[in-house]
Number of protein chains: 2
Amino acid sequence: MAVTIRDVAKASGVHVSTVSRTFSAPHLVNAETRTRVLAIAEGLGYRPNRAARALTTGRTHNLGLIVADIANPFFPPLIKAAQAQARERDYHVFVADTDEDPLMEQELIETLSKQVDGVLLCSPRLSNRMIEKLRAEVPFVVVNRRVKGLTTVLMDVGQGARAAIGHLVSLGHRRIALLTGPDGSWTSEEMRTAAASAAGDFDVELSVLGPNEPTEQGGIAAADKVAGSTAVLCYNDLVALGLIEGLTDRGLKVPDDVSVVGVDDSLPGRLNKPKLTTITMPTAAAGRMAVDLLLAAVGAGESGTPTLARLETSLVIRESTGAAPA
Amino acid sequence: MAVTIRDVAKASGVHVSTVSRTFSAPHLVNAETRTRVLAIAEGLGYRPNRAARALTTGRTHNLGLIVADIANPFFPPLIKAAQAQARERDYHVFVADTDEDPLMEQELIETLSKQVDGVLLCSPRLSNRMIEKLRAEVPFVVVNRRVKGLTTVLMDVGQGARAAIGHLVSLGHRRIALLTGPDGSWTSEEMRTAAASAAGDFDVELSVLGPNEPTEQGGIAAADKVAGSTAVLCYNDLVALGLIEGLTDRGLKVPDDVSVVGVDDSLPGRLNKPKLTTITMPTAAAGRMAVDLLLAAVGAGESGTPTLARLETSLVIRESTGAAPA
DNA sequence: CTGAAAGCGCTAACAT
DNA sequence: ATGTTAGCGCTTTCAG
């Protein structure tokens, strides 16, 4: 077995509780004793056992981070930021992938709940009802989903979507298509509402097409459906990239024949030819903020008031949008 | 507090140890008692506390996964696969990002070690000496790095690199450049060795240029250095993509003027125009295998023999390579 | 087959 | 300022 608090106590000639205090409440320990204990602990290579500590304190100092698909380029920056922020706060994070499966999501929450102080639900696929039920087991913070009474971090795609429609209209487009995402996606619904309202304001036609798989395949498959529109706003960059590919296969040029806008500002979009016009999602900021809100909620216990953080998005105009064909 | 084993025991009129057995050694419990206890546990919503269990069993059923950079597109598929495989085996996984910092890596290993049964080190930046020292604290499996006496999963880029050189030679290229990766990268060194040997076999010229940053920027920056070669094998897809961009800026066409080969078969490469010819890295398979080897090592304890798994890579010919210019 | 009791590593009153 | 004691939730001998 590894070296325990008891070994340190024995070696320094003090009681275990004194050793415990040197680590968790140093100010309660005589400076001299403290330095000695610290030195001996160091020498022995002692590291407090966080799991054992959790048993008595009720705080595991672990967080759970549940995402639909780790390999979706939208998530890695968020995971990276959340994980870095958590470590800064002396927290470790379990990362789990649900494969877009609500049942898996629930299962994960339940098995993880005892091992973490809170969980970050990113773009959950679970029903709001289920989420509200599960919240009794463990504190949540939800990213990109509106759940009544829960602390939430939202990225305001609506804002970006309005800007995108405005941009397309200014380029002369009058028939615009929207490729929605999976059913149950808050982001998709937000985009739909905002795009519809903006289309109304500008008095242009908006065809809402979906649901589509949030992948390149989904975009390729949608290439047939967008005929008749000169510009397409896509659920995310992957769909946009797939769509461009599908369009190209059909002999259509982007942006000459069709303008395409994505969402996420992901790496593949930035590297694409043509470079993708897209709505940036502040994923890293969202990850950091979600962790801080979660930790605040954990600290506050039941008493905490749910917060709603709304992060701004913006349109980045690159090469996949251009003047509407004559 | 949540419902504990004690609550279940009380409610079912048996001793806690019987409840414990129904979960961890069902065959030792009378079938009738078992079903009753199970039913009551279910009704109460009881979930065993894994942390508490870990305290007595010494098995946390957690794994650590340490990578240099979560946002590097090479890693997400590996993380996803490792995490999925772990869950299949009833393990949860902590994911941590070192930001390419060896000190951070060490710190993470140390704080994580008490909370996990083993850790997966992916493309570690830590020195071999340090790794060998740390292994006393927790079982390791290393991916894409050769460490004496440690179980290792390697992706055989050498094989792919030889195939790439062969492919280029068959297209008529006689002057080929190799853009290496960061110093200390095992993958980069493997590529160098294999490419050099293949170039020798085919009697063509190979210019080894590096080190280069493993990013798009690194590729852009290298565009000046490859003049004189008609084909370039790059450390990874990002470098290749950057190189293509840099070459394009200089008025050179890919593959007409220069052929470019990447490594990773990453999403951005697949979506690029022209689609990138690349060496596939079996990252998902590596993730799964690494988890299984780690779990095997955990089970075997000290007695286990280190294994060396070598996964095959292969060349995927797409659009960024073509006949050498006349 | 089941109960009793000890203990995993640590913290948190409570004493001293 | 430090020691004592009692658990946290669970598993594991050892009896019965």
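Letters A, B, ... mirror the listed sequences (proteins, then strands); counts begin at 1. Since we're looking at a predicted model, the values are computed, not measured. Any value given below was found using the heavy atoms of this structure, including those in side chains, with hydrogens, waters and symmetry copies removed.
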Give a yes or no on whether a salt bridge exists between Asp292(B) and Arg89(B), defined as a side-chain N under 4.0 angstrom from a carboxylate O. yes

Go nucleotide by nucleotide along DNA chain C from the 5' end; which of Val16(B) and Val19(A) gets its closest nucleotide reached first? Val16(B)

Atom CZ of Arg34(A) and atom C1' of dT2(D) are separated, to the nearest Å, by 14 Å

For a quick check under 3.5 Å, do Asn144(A) and Glu190(A) share a side-chain donor-acceptor pair by atom type? no

Distance test, side-chain N/O of Ser20(A) to OP1/OP2 of dT11(C), below 4.0 Å: yes

Round to a whole Å and report the spacing from CG of Asp117(B) to P of dC8(C). 19 Å

Please check the phosphate of dG3(D) (OP1 and OP2 only) for any side-chain N or O of Thr18(A) closer than 4.0 Å. yes

Return the value, rounded to whole Å, for the distance between atom CG of Asn49(B) and atom C1' of dT11(D). 13 Å

Would you please confirm or rule out a distance under 4.0 Å between OP1 or OP2 of dC8(C) and any side-chain N or O of Arg6(A)? yes

Return the value, rounded to whole Å, for the distance between atom CD1 of Ile5(A) and atom P of dA12(C). 11 Å

Lys133(A)/Glu110(A) ion pair, N-O < 4.0 Å: no

Considering only NZ, NE, NH1 and NH2 on the basic side and carboxylate oxygens on the acidic side, decide whether Arg125(B) and Asp99(B) come within less than 4.0 Å. no

Protein-nucleotide distance (Asp7(B), atom CG; dC8(D), atom P), rounded to Å: 11 Å

Exam field: side chain Gln83(A) to backbone Asp97(B), donor-acceptor pair closer than 3.5 Å: yes

Closest approach to the side chain of Asn30(B), judged atom by atom: which nucleotide of dC14(C), dT11(C), dT2(C) is it? dT2(C)

Between Arg50(A) and His15(B), which is nearer to the 5' end of DNA chain C once each is assigned its nearest nucleotide? His15(B)

What is the distance, rounded to the nearest whole Å, between atom CZ of Phe23(B) and atom C1' of dT12(D)? 17 Å

Looking for any heavy atom pair under 4.0 Å, which part of the strands does Ser24(A) touch: base, sugar-phosphate only, or nothing? sugar-phosphate

Base, sugar-phosphate or nothing for Thr57(A)? Non-hydrogen atoms, less than 4.0 Å. sugar-phosphate

Counting only side-chain N and O atoms of Thr33(A), is one of them less than 4.0 Å from OP1 or OP2 of dT2(D)? yes

Among dT2(D), dT13(D), dC8(C), which is the nearest nucleotide to the side chain of Arg21(A)? dT2(D)

Select from Ser17(A) and Arg47(B) the residue whose nearest nucleotide in DNA chain D is closer to the 5' end of that strand. Ser17(A)

Taking only the side-chain nitrogens and oxygens of Thr4(B), find out if one of them lies under 4.0 Å from OP1 or OP2 of dG9(D). no

Is the shortest side-chain heavy-atom distance between Phe94(B) and Leu108(B) below 4.5 Å? no

Between atom CG in Leu28(B) and atom P in dT11(D), what is the gap in whole Å? 13 Å

Expressed in angstrom and rounded to an integer, what is the separation of Leu55(B) atom CG from dC10(C) atom P? 9 Å

Regarding Tyr46(A), tell me which of base, sugar-phosphate or nothing describes its non-hydrogen contacts under 4.0 Å with the strands shown. sugar-phosphate

